[in-house]
Amino acid sequence: MKKLFQLTPLLELSQYETLKIIGPYRFLHADASSCSFIYADFHIMVRGKSLDIHALKEEMLHLSVEDLQELHVKMTKDMGVG
């Protein structure tokens, strides 16, 4: 049985080609091969050969990346972001 409501933040990476987040986030950047955003207490950057954003909603981001090259997750406290 699937949950009807997501109560906690969710970050899901599937087969190194699909990334889905559910919960509040702050979108920072996107181009044809990379994107970055703040999620919970983390700055997340994804880079690949190409990147497609399938959904960009208030509390959901869903993207696919071809030939994943980098996935960086860094605590925002380490970056001076409040």
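- Under the side-chain contact (heavy atoms from CB on, under 4.5 Å) criterion, Leu13 pairs with Tyr16, Leu19, Leu71, not counting sequence neighbours.
- For the pair Tyr25 and Ile38, the minimum side-chain heavy-atom distance is 4.5 Å or more.
- Note that CG of Asp41 and CE of Met75 are 5.5 Å apart. Values are rounded to the nearest 0.5 Å.
- Between the CG atom in Leu63 and the OG1 atom in Thr18 there is a gap of 8.0 Å [rounded to 0.5 Å].
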All N/O donor-acceptor pairs, side-chain side in residues 44-51, below 3.5 Å, sequence neighbours left out:
unit_1, atom_1, unit_2, atom_2, d
Arg47, NE, Glu70, OE2, 2.5
Arg47, NH1, Gln69, OE1, 2.7
Arg47, NH2, Glu70, OE2, 2.5
Ser50, OG, Glu66, OE1, 3.2

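- Side chain of Tyr39 to main chain of Leu10: a donor-acceptor pair is present (N/O by atom type, distance under 3.5 Å, no hydrogens or angles).
- At least one side-chain heavy atom of Glu59 sits under 4.5 Å from a side-chain heavy atom of Pro24.
- Put simply, NE2 on His72 and CZ on Phe42 are 15.5 Å apart, with the number rounded to the nearest 0.5 Å.
- For the atom pair NZ (Lys74) and OG (Ser36), the distance works out to 13.0 Å, reported to the nearest 0.5 Å.
- Distance CD1/Ile21 to CZ/Phe37: 4.5 Å, rounded to 0.5 Å.
- Residue pairs meeting the ring pair (Phe, Tyr, Trp, His ring centres under 6.0 Å) criterion with at least one member in residues 51-71, sequence neighbours excluded, are His54-His62.
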